[in-house]
Amino acid sequence: MNQPSMDRGDLALVLAIRDHGSLAGAAATLDVVPSVITKRLGALEARLGQRLFERTTRRLSVTAEGEAVCLHARTLLDGFAALESELGERQNELTGTVRLAATFGFGRRWLGPAVAAFQARHPALQIELMLTEQLPDLGAEGYDGAVWLWAVQQRHAADWVSRRIARNQRVLAASPGYLKRRGTPATVEALASHDCLVARENGDASQRQYALWTLRHARDGSTARVRVQGPLASNSGEMVRDWCVAGHGVMLRSLWDIAPQLASGELVRVLPQYAMAEADIHWIAPWRPKTPRRVRLLVDHLVEQFRGEPWKPGKAGAR
């Protein structure tokens with residue numbers, strides 16, 4: 001026995017009638033004469049064996065069966081449109097503009113070259129990379145997303161999406177000259193008596209005199225906290241790195257930022273069994289029903305570029 005069926009046109013017909021509340025209104029929307037709407041609706045109801053609309057000379061109202069059809073019709077029609085759009089995109093070259101934000105340090109050293117390589121593969125695509133130390137209001141300022149050093153915070157969980165692009169660690173480092181002069185800290189607690197170089201990139205005025213460093217042990221996962229201080233602090237991470245290379249103290253810095261100095265011996269790891277937690281690199285973006293293909297493919301490209309953490313010691317790509 002053949003089951004009654006509906007096609008895409010039937011779904012659009014039922015929604016148009018329900019939304020306009022009349023056969024004439026649906027006919028105008030679908031650009032046909034009212035008699036065609038009457039004929040198509042009658043044929044559909046006969047095929048389904050269900051009355052979808054009650055019709056009198058004065059009014060039209062949707063039945064319970066008609067509401068059931070309408071409930072699913074919008075989702076199904078949106079699905080058709082999304083599928084057609086995706087299939088069309090697969091046949092076409094990437095075009096349009098991707099607008100993204102990133103911090104200055106990671107943006108210059110790692111993200112910039114990766115983005116340029118992606119654009120070279122898709123020459124019709126425009127990419128705008130804005131470097132900033134304060135995360136913009138991504139949705140309000142028209143950004144497709146940001147490459148940032150933390151994941152979506154709880155207060156944004158319903159409105160943003162996040163994807164980890166790469167793992168990263170913030171590690172303790174100092175110059176050989178400083179360690180020769182002041183000695184090498186043997187414990188986390190010993191850092192409190194050392195000159196520690198603090199990067200105040202978030203401008204937190206409540207902690208001008210010290211910084212609270214939370215470190216995690218690589219083997220057992222235990223955490224240790226220490227309040228550190230020193231004579232030098234800056235809102236520039238690059239300045240803090242330069243001070244550290246010059247022998248002015250111990251710093252806590254991302255591996256991606258100091259890979260060249262660790263490789264050359266200008267800097268050495270301090271307490272190498274410890275690192276700061278929650279330093280991974282993430283793509284964060286305002287939530288949207290359908291992310292443009294150009295954005296999806298760019299994020300996939302970044303994940304692939306940084307999958308092996310090229311800043312790790314011994315990696316050929318560390319620079």
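Keep in mind that the numbers below use all heavy atoms, side chains included, and drop hydrogens, waters and symmetry copies.
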Measure across [X] and [Y] and return the closest heavy-atom pair with its distance rounded to 0.1 Å.
X: F306; Y: A114; answer: CZ-CB, 3.9 Å
X: V161; Y: P286; answer: CG2-O, 4.4 Å
X: L94; Y: R293; answer: CD2-NH1, 3.3 Å
X: F106; Y: W256; answer: N-CH2, 3.1 Å
X: V171; Y: A275; answer: CG1-CB, 4.3 Å
X: C244; Y: L267; answer: SG-CD2, 3.7 Å

Partners meeting side-chain hydrogen bond (donor to acceptor under 3.5 Å, both in side chains) with R58 (sequence neighbours left out):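 Once residues adjacent in sequence are excluded, R58 has no partner under the side-chain hydrogen bond (donor to acceptor under 3.5 Å, both in side chains) criterion.
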side-chain hydrogen bond (donor to acceptor under 3.5 Å, both in side chains) partners of D300, counting only residues at least two apart: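 Here the qualifying residues are R163.
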Candidate pair V188 and L172, rule side-chain contact (heavy atoms from CB on, under 4.5 Å), full reasoning: CA-CA 10 Å; V188 171; L172 297 162; 5.9 Å; no
Parallel, tilted or perpendicular: rings of H194 and Y178 (30°, 60°):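 Because their plane-to-plane angle lies in the 30° to 60° range, the rings of Y178 and H194 count as tilted.
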V115 vs V98, side-chain contact (heavy atoms from CB on, under 4.5 Å): CA-CA, chis, key distance, verdict: CA-CA 10 Å; V115 164; V98 178; over 6 Å; no
With rounding to the nearest 0.5 Å, note down the distance linking [atom1] in [X] to [atom2] in [Y].
X: L13; Y: L52; atom1: CG; atom2: CG; answer: 9.0 Å
X: Y143; Y: L138; atom1: OH; atom2: CG; answer: 8.0 Å
X: D242; Y: M251; atom1: CG; atom2: CE; answer: 9.0 Å
X: L179; Y: T184; atom1: CG; atom2: OG1; answer: 4.0 Å
X: L252; Y: L197; atom1: CG; atom2: CG; answer: 11.0 Å
X: Y274; Y: T223; atom1: OH; atom2: OG1; answer: 9.0 Å

Any donor-acceptor N/O pair, S175 side chain to A246 backbone, under 3.5 Å: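 The answer is no, because no donor-acceptor pair under 3.5 Å joins these two groups.
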Any donor-acceptor N/O pair, S254 side chain to D257 backbone, under 3.5 Å: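 Checking the backbone N and O of D257 against the side chain of S254, no donor-acceptor pair under 3.5 Å is found.
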Indicate yes or no: at least one non-hydrogen side-chain atom of [X] is less than 4.5 angstrom from one of [Y].
X: R108; Y: E238; answer: yes
X: L262; Y: L255; answer: yes
X: L44; Y: M6; answer: yes
X: L100; Y: D144; answer: no
X: E309; Y: N168; answer: no
X: L149; Y: R170; answer: yes
X: T103; Y: E133; answer: yes
X: V240; Y: S234; answer: yes

L125 vs T95, side-chain contact (heavy atoms from CB on, under 4.5 Å): CA-CA, chis, key distance, verdict: CA-CA 5 Å; L125 184 67; T95 60; 5.9 Å; no
Where at least one partner belongs to residues 171-186, residue pairs that pass salt bridge (Lys or Arg N to Asp or Glu O under 4.0 Å), sequence neighbours excluded: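 Matches after skipping sequence neighbours: R182-D195.
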Inter- and intrachain pairs under salt bridge (Lys or Arg N to Asp or Glu O under 4.0 Å), touching residues 10-25, at least two apart: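 Sorted pair list: D10-R47, R18-E67.
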Verdict with supporting geometry, R253 and M276, side-chain contact (heavy atoms from CB on, under 4.5 Å): CA-CA 9 Å; R253 200 71 189 151; M276 185 177 182; over 6 Å; no
Ring pair (Phe, Tyr, Trp, His ring centres under 6.0 Å) pairs, two or more places apart, involving residues 37-70: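 Of all non-adjacent pairs touching residues 37-70, none passes ring pair (Phe, Tyr, Trp, His ring centres under 6.0 Å).
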Ring pair (Phe, Tyr, Trp, His ring centres under 6.0 Å) partners of H301, counting only residues at least two apart: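 With neighbours one apart ignored, the set is F118.
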Partners passing ring pair (Phe, Tyr, Trp, His ring centres under 6.0 Å) against H72 (at least two apart in sequence or in another chain):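 By the ring pair (Phe, Tyr, Trp, His ring centres under 6.0 Å) rule, H72 matches no residue at all.
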Pairs flagged by side-chain hydrogen bond (donor to acceptor under 3.5 Å, both in side chains) wherever residues 24-45 is involved - sequence neighbours left out: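 Counting only pairs at least two positions apart or across chains, the side-chain hydrogen bond (donor to acceptor under 3.5 Å, both in side chains) contacts touching residues 24-45 are H20-T29, E45-R55.
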For [X], give me all partners under salt bridge (charged side-chain N to carboxylate O under 4.0 Å, His left out), at least two apart in sequence or on another chain.
X: E189; answer: none
X: E128; answer: R99
X: R164; answer: D280
X: R269; answer: none

Side-chain ion pair, R121 and E93, N-O less than 4.0 Å: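 Answer for the salt bridge query: no.
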Candidate pair W287 and W160, rule ring pair (Phe, Tyr, Trp, His ring centres under 6.0 Å), full reasoning: CA-CA 5 Å; W287 183 88; W160 291 5; over 10 Å; no
Evaluation steps, side-chain hydrogen bond (donor to acceptor under 3.5 Å, both in side chains), between Q134 and T132: CA-CA 6 Å; Q134 296 292 329; T132 174; over 6 Å; no
Side chains of E266 and S264, donor plus acceptor under 3.5 Å: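 The criterion, which ignores hydrogens and geometry beyond distance, is satisfied for S264 and E266.
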Within 6.0 angstrom of R167 CZ, more than 12 heavy atoms from elsewhere: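 At most 12 heavy atoms, drawn from other residues, nucleotides or ligands, come within 6.0 Å of this atom.
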